[in-house]
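Below: the structure, in structure tokens.
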Amino acid sequence: MPKEYKTIQEVAGPLMLVHGVENVTYDELGEIELANGEVRRCKVLEINGDNALVQLFENSTGINLSNSKVRFLGRSMELGVSEDMLGRVFDGLGRPIDNGPEILPDERRDINGLPMNPAARNYPSEFIQTGISAIDGLNTLVRGQKLPIFSASGLPHSNLAAQIARQAKVRGTDEQFAVVFAAMGITFEESNFFTESFKETGAIDRTVLFINLANDPAVERIATPRMALTAAEYLAFEKGMHVLVILTDITNYADALREVSAARKEVPGRRGYPGYMYTDLATLYERAGRQKGKNGSITMIPILTMPEDDKTHPIPDLTGYITEGQIILSRELYRKGVTPPIDVLPSLSRLKDKGTGEGKTRGDHSSTMNQLFAAYSRGKDAKELMTILGESALSDIDLLYAKFAEAFEKEYVSQGYETDRSIEETLNIGWKLLSILPRAELKRIDDKWLDMYYGKF
């Protein structure tokens, strides 16, 4: 039976100081029992001699210093994991919120996980089809990769996240595919959108949802992605599934980190975020990957809204250092009605070469990808010139490039949130658009592919 303490010294907001504790460790869970028998949960933030500073998960109203008792549970936060989690919706602390029964766990796991030994990692190589041309064709997602989506406030990243979760699959294998979806600091309306969207298409059956709402405590928001990754590790490395983890919105997570850090009176770093934010984000992102000798894998798509649309803000900046590329959403394309508004030129998947080519996608994939990038870039420049100098100032070939850029945005990037394109469809649309340009302009594509596909669609 854990020892009970009646030595609460002070309560300040979500923090509480307990005096005279023994053998209590950092990150340990505790329970506070109020005079009326109500129990609230807390977690140890700091130990100083025999003083423990704890953070409450619920609010502190009604806690009477003299007759409330605290007991420490001797363990950090754990999640009971089982295959029955698929198809279920949990809150940020892993409690079911879908009116279904409690999960009977196969085992209980510490949510902080263990870092993956770099020598035990396998290199990401298989292609994952998301059904979205701008990702599959140009910024290919590979199994075991971490590929964040950089969005901005007001852009439809929720729709894109839900679309990827519904459509993603590993082609050509009959291995099981699961999605673990963690939403942090979202509104009730968004939470409803995600659950309904998955239920309508039946994708909920292979999805585990963790939902932390905007009015839930900050300390719970810090636990949510760790809960999700613990469930993902179990499904991937114990049950051999391919797991896609989608975390949205990392900005809300980092703000919660800043809030807890400020409450602990830590010295702030860049823009008030704690100095250890890089390490903290790395402990989340680095749990993705593939392990030697295991079939399963964790592929991760963290989504973050860049404050003030600023790519150099600490959150996108640090995320960019740890992950393998980024998909950037553009406000300009969104205004034009392009859905999803993915800006393909600054977007990048550093592992795309590993997941494309014969036997993975199709032999013509990488050369058409390079040609589309080059043609779109030149077409955008031509359109800008046209705006400044008028159409008459452009050469005939530049006019064709401008026409190509326009068609590329409308037909290739813009596909709506319901369309699920196979990689063959995506590549064929690319060829159809490249046929706008004269064959002599397609210098990045081998003649054998040009003979096979040019002008055929």
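Note that the coordinates shown come from a computational prediction; the quantities given were computed from them, not determined experimentally.
In this structure a side-chain-to-backbone donor-acceptor pair under 3.5 Å is present from S60 to G13. Checked by atom type and distance alone, the side chain of K360 pairs as donor or acceptor with a backbone atom of K354 at under 3.5 Å. For the pair K336 (side chain) and P341 (backbone), a donor-acceptor distance under 3.5 Å is absent. No donor-acceptor pair closer than 3.5 Å links the side chain of E266 to the backbone N or O of V260. Of the possible polar contacts, one joining the D98 side chain to the V89 backbone as a donor-acceptor pair under 3.5 Å is found. A donor-acceptor contact shorter than 3.5 Å links the side chain of E324 to the backbone of K146. With hydrogens and angles disregarded, a donor-acceptor distance shorter than 3.5 Å links the side chain of T319 to the backbone of I315. Side-chain N or O atoms of R226 include none that pairs as donor or acceptor with a backbone N or O of T283 at under 3.5 Å. A donor-acceptor pair is defined here as one N or O able to donate and one able to accept, closer than 3.5 Å; such a pair exists between the side chain of E58 and the backbone of R41. With hydrogens and angles disregarded, a donor-acceptor distance shorter than 3.5 Å links the side chain of N252 to the backbone of M184.
In terms of heavy atoms, L284 sits closest to M300 at O-CE, 3.4 Å. Nearest heavy atom pair, residue G137 against residue H365, reads O-NE2, 2.9 Å. Heavy-atom minimum distance, L15 versus A263: CD1-O, 3.0 Å. D343 and S330 make their closest contact through CB-CB, 3.6 Å (heavy atoms, listed as atom of the first residue, atom of the second, distance). Heavy-atom minimum distance, G337 versus S414: O-OG, 4.0 Å. Across all their heavy atoms, S151 and L329 have their closest contact at OG-CD1, 3.7 Å.
Residue pairs meeting the salt bridge (charged side-chain N to carboxylate O under 4.0 Å, His left out) criterion with at least one partner in residues 236-252, sequence neighbours excluded, are E83-K239, R109-E238.
Contact of the M306 side chain with the K311 side chain is registered, since non-hydrogen atoms from C-beta on lie closer than 4.5 Å. In this structure, N59 and R40 have side chains that are in contact, with non-hydrogen atoms separated by less than 4.5 Å. Side-chain contact check for Y412 versus V344: every heavy-atom pair is 4.5 Å or farther apart. At a threshold of 4.5 Å between non-hydrogen side-chain atoms, the residues E22 and D50 do not count as touching. Using a 4.5 Å heavy-atom cutoff, the side chains of L333 and I342 are not in contact. Residues D420 and R166 fail the side-chain proximity criterion, which asks for heavy atoms closer than 4.5 Å. No side-chain heavy atom of F127 sits under 4.5 Å from any side-chain heavy atom of T356. Counting only heavy atoms from C-beta outward, the side chains of P346 and F150 never approach each other to under 4.5 Å.
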Stepwise, does the salt bridge (Lys or Arg N to Asp or Glu O under 4.0 Å) test hold for K380 with E409? CA-CA 10 Å; K380 276 186 80 168; E409 285 173 8; 5.3 Å; no
Begin with the C-alpha distance, continue with both residues' side-chain angles, and end with the deciding distance and a verdict on salt bridge (Lys or Arg N to Asp or Glu O under 4.0 Å) for R290 and E126. CA-CA 11 Å; R290 298 174 58 204; E126 290 102 324; 3.3 Å; yes
Could you walk me through whether R378 and D381 satisfy the salt bridge (Lys or Arg N to Asp or Glu O under 4.0 Å) test, starting with their C-alpha distance in whole Å, then the side-chain angles of each, then the deciding distance to 0.1 Å, before giving a yes or no? CA-CA 5 Å; R378 183 164 167 190; D381 291 347; over 6 Å; no
Could you walk me through whether H313 and Y273 pass the ring-ring contact (aromatic ring centres under 6.0 Å, His included) test, one step at a time? CA-CA 11 Å; H313 185 279; Y273 292 95; 5.6 Å; yes
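The line from CG of L138 to CG of L348 is 11.5 Å long, rounded to the nearest 0.5 Å. The distance from atom CD1 of I149 to atom CG of L247, rounded to the nearest 0.5 Å, is 11.0 Å. Rounding to the nearest 0.5 Å gives a distance of 6.0 Å between OG of S297 and CD1 of I128. Going from atom OG1 of T361 over to atom CD1 of I423 covers 5.5 Å, rounded to the nearest 0.5 Å. To the nearest 0.5 Å, the span separating OH on Y253 from OG1 on T248 amounts to 14.5 Å. Here the straight-line distance linking atom OG1 of T323 with atom OH of Y285 works out to 7.0 Å at 0.5 Å rounding.
S76 and D110 are linked by a side-chain donor-acceptor pair at a separation below 3.5 angstrom, with hydrogens and angles left out of the test. For the residue pair N428/R362, the side-chain donor-acceptor check at 3.5 Å is satisfied. Using modelled atom types and a 3.5 Å distance limit, the side chains of S133 and R421 yield a donor-acceptor pair. Counted by atom type alone, R287 and T230 present one or more donor-acceptor pairs between their side chains at under 3.5 Å.
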I'd like a table of donor-acceptor pairs (distance under 3.5 Å, sequence neighbours excluded) in which one partner is a side-chain atom from residues 218-225, with atom names and distances.
from : atom 1 : to   : atom 2 : distance (Å)
E220 : OE2    : G92  : N      : 3.4
E220 : OE2    : N212 : ND2    : 3.4
R221 : NE     : N212 : OD1    : 2.7
R221 : NH2    : L213 : O      : 3.1
R221 : NH2    : A214 : O      : 3.1
R221 : NH2    : D216 : O      : 2.9
T224 : OG1    : E220 : O      : 2.9

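The local environment of CZ in F188 is sparse, with at most 12 non-hydrogen atoms from other residues, nucleotides or ligands closer than 6.0 Å. Residue-environment remark: CG (N23) stays at or below the threshold of 12 foreign heavy atoms within 6.0 Å. Within 6.0 Å of atom CD in E286, more than 12 heavy atoms from other residues, nucleotides or ligands are found, so the atom counts as buried in its surroundings. Summarising the local packing, CZ of R71 is surrounded by more than 12 heavy atoms from other residues, nucleotides or ligands at distances under 6.0 Å. Other residues, nucleotides and ligands contribute at most 12 non-hydrogen atoms within 6.0 Å of the NZ atom of K265.
Using cut-offs of 30° and 60° for the angle between ring planes, the F90 and F210 rings count as parallel. Under the 30°/60° scheme for interplanar angles, the aromatic rings of F181 and F198 are found to stand perpendicular.
Using a 4.0 Å cut-off between charged nitrogen and carboxylate oxygen, R171 and D136 do not count as a salt-bridge pair.
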